[in-house]
S.K.: 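Take this structure, written in structure tokens, and hold onto it; I'll ask about it next.
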Amino acid sequence: MSQPYPGPQGPYPGYPAGQYQPYPAVVAAPKYRPLRRIALVSISLMGLTAVAAVIQVVLMWNSYDDVKRFVYGLVSEDEFDSGIESITNSGPLLDLVGYLFVGTAIAFLIWLWQARENTQLFRPVQPGGFDSHRHTQGWVIGSWICPIVQCWYPLEVVEDVVRASEPPAQPGAAKSGQIRALLYGWWGAWAGFWVILVAGAATVLISFIVWIVQLVDRADAAGATGDYVDIYDLQDDMVRVALGVNIGFTVATGLLIAAAVTVSLLLLRVSTWQDIRGAELGLLHPGQPPAAPVAYPQPPQYAPRPTYPGRPGFGPAPHSGNRSFPSYGNPGGQPPADGGRPPGSGSWSPPG
């Protein structure tokens, strides 16, 4: 039976035969990424999304009378067919706000990911050291899609990025009233926008199911007795639901605009802060020398510990000239004639 090949015999000094020294893992050095361009792209998409939402609100209110006529059965067959054809031909443009919304979300997440990476260049974390971020890099994206924690994790991720981007020359800027108003104003408007959308969609779905159940019950009752089916009150309910949808979407659009304005100002501020710090550290333009260091406040300096001469434990005693250390039993410092032998020890001579 052939034996497995053990490898070269002693390829490197100090290593046994058949064993190899593994190559060290090569880790790419982090690179500073300017945020101004991606921030402007994200802000532009936010503006387009807000404009599209406003246009959709206007169209919804303009079609409210047609919706009422349709619910009450006042639409002719030709009007009904033309309405269905118009909706069908609209195709992908029917949900223009949704497409812009997805593009805005992608651009914002790219900005947030790069901003989070840049902060590691400003405050590198050593193994076992303290990290100013409460969550790891993966939560930049995972915090928005993970159930339950998505209610507060995204706010903490953005808040940590803002705090870590604060210029050292402006201590406390990340905790100022203006930044806190932008941060929490954005999150409050964003959370309110989603609450209205989710609650509104759930209300419409439940109302439609209830309306169908009531309509079936009344039809069965009228069929058993031979009476006329009275659905006028059900029609009024559907009209009120349509009115609620218009009002809810209008309020949600207002909150979306507020969130877009506040987060846009926050993106510009953080991008400016990071560019300032990148220029100070020579990261913004690697080919250029770093900017002149800023004179930051230094901790207080304390006077050196005083020394007291001639007192054991408080520093060496001063001396001048070539002074020899005194021998035991001879305070004068002169060497004894007998070589320092203790009394009664006798003479001594080397053996042999």
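The structure displayed is predicted, hence computed values, not measured ones. FYI, side chains are in, hydrogens and waters are out, and symmetry mates aren't considered; it's all heavy atoms of this structure. All residue numbers in this chain count up from 1 along the given sequence.
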S.K.: Would you please name every residue forming a salt bridge (charged side-chain N to carboxylate O under 4.0 Å, His left out) with E159, sequence neighbours left out?
M.R.: R134, R163
S.K.: When clusters are formed by joining ILVMFWY residues with side-chain heavy atoms under 4.5 Å apart, either directly or through shared neighbours, do V195 and V97 land in the same one?
M.R.: no
S.K.: For residues T272 and R36, is any side-chain donor paired with an opposing acceptor at under 3.5 Å?
M.R.: yes
S.K.: Less than 4.5 Å apart, any side-chain heavy atom of L256 and any of F101?
M.R.: yes
S.K.: Are I43 and L268 packed together at the side-chain level, in the sense that at least one heavy-atom pair is separated by less than 4.5 angstrom?
M.R.: yes
S.K.: What are the two closest non-hydrogen atoms of L45 and G103, and how far apart are they?
M.R.: CD1-O, 3.4 Å
S.K.: Can you hop from Y64 to I55 via hydrophobic side chains spaced under 4.5 Å?
M.R.: no
S.K.: Just by modelled atom types, is the A174 backbone N or O under 3.5 Å from a matching donor or acceptor in the E166 side chain?
M.R.: yes
S.K.: Got C146 and W139 here, is their nearest side-chain heavy-atom distance under 4.5 Å?
M.R.: yes
S.K.: How long is the span from the CZ atom in R116 to the OG1 atom in T136, to the nearest 0.5 Å?
M.R.: 7.0 Å
S.K.: Quick check: is W211 connected to V216 through a chain of hydrophobic side chains (ILVMFWY, heavy atoms under 4.5 Å apart)?
M.R.: yes
S.K.: Shared ILVMFWY cluster between V102 and I141, side chains joined below 4.5 angstrom?
M.R.: yes
S.K.: For P154 and V149, which heavy atoms make the closest approach, and how far apart are they?
M.R.: CD-O, 3.8 Å
S.K.: Specify the closest pair of heavy atoms between A107 and V41, including all atoms of both residues, with the distance to one decimal.
M.R.: CB-CG1, 4.4 Å
S.K.: With heavy-atom distances below 4.5 Å as the criterion, would you say the side chains of E156 and H133 are in contact?
M.R.: no
S.K.: Give a yes or no on whether R37 atom CZ has more than 12 heavy-atom contacts from other residues, nucleotides or ligands under 6.0 Å away.
M.R.: no
S.K.: So do S63 and L59 actually touch side chain to side chain, heavy atoms under 4.5 Å?
M.R.: no
S.K.: Got a second to check how far L109's CG is from W144's CH2, nearest 0.5 Å?
M.R.: 7.0 Å
S.K.: Work out which heavy atom in V161 is nearest to a heavy atom in T119; give both atom names and the distance.
M.R.: O-CG2, 4.1 Å
S.K.: Any side-chain heavy atom of F249 within less than 4.5 Å of one from W61?
M.R.: no
S.K.: V204 and V245: which non-hydrogen atoms are nearest, and at how many Å?
M.R.: CG2-CG2, 3.3 Å
S.K.: I need the minimum non-hydrogen distance between V270 and S165, along with the two atoms involved.
M.R.: CG1-OG, 3.7 Å
S.K.: If we only count heavy atoms from C-beta on, is the D237 to R240 side-chain gap below 4.5 Å?
M.R.: yes
S.K.: What's the spacing between S42 OG and W111 CH2 if we round to 0.5 Å?
M.R.: 8.5 Å
S.K.: Within the supplied structure, the quantity of interest is the number of heavy atoms (other residues, nucleotides, ligands) at a distance under 6.0 Å from Y184 OH; does it exceed 12?
M.R.: yes
S.K.: Would you please test W187 and T262 for side-chain contact (heavy atoms from CB on, under 4.5 Å) and show each step?
M.R.: CA-CA 9 Å; W187 185 250; T262 51; over 6 Å; no
S.K.: Nearest 0.5 Å, please: how far is CD1 in I110 from CD1 in I38?
M.R.: 5.0 Å
S.K.: Give, for atom CG of L35 and atom CD of Q114, the distance between the pair rounded to the nearest 0.5 Å.
M.R.: 6.0 Å
S.K.: Check for me, please, whether V239 and L205 land in the same ILVMFWY cluster - side-chain distances under 4.5 Å, paths through other members count.
M.R.: no
S.K.: Quick one: does Y32's side chain have a donor or acceptor within less than 3.5 Å of a partner on Q274's backbone?
M.R.: yes
S.K.: Checking side chain to side chain contact (heavy atoms under 4.5 Å, CB included) against M60, which of V67, N246, T250, T253 comes through?
M.R.: N246
S.K.: State, yes or no, whether a side-chain contact exists between S176 and I179 at a heavy-atom distance under 4.5 Å.
M.R.: yes
S.K.: Quick one: do V263 and F108 satisfy side-chain contact (heavy atoms from CB on, under 4.5 Å)? Show the steps, please.
M.R.: CA-CA 10 Å; V263 78; F108 175 76; 3.9 Å; yes
S.K.: Output the distance between atom CG (D236) and atom CE (M238), rounded to the nearest 0.5 Å.
M.R.: 11.5 Å
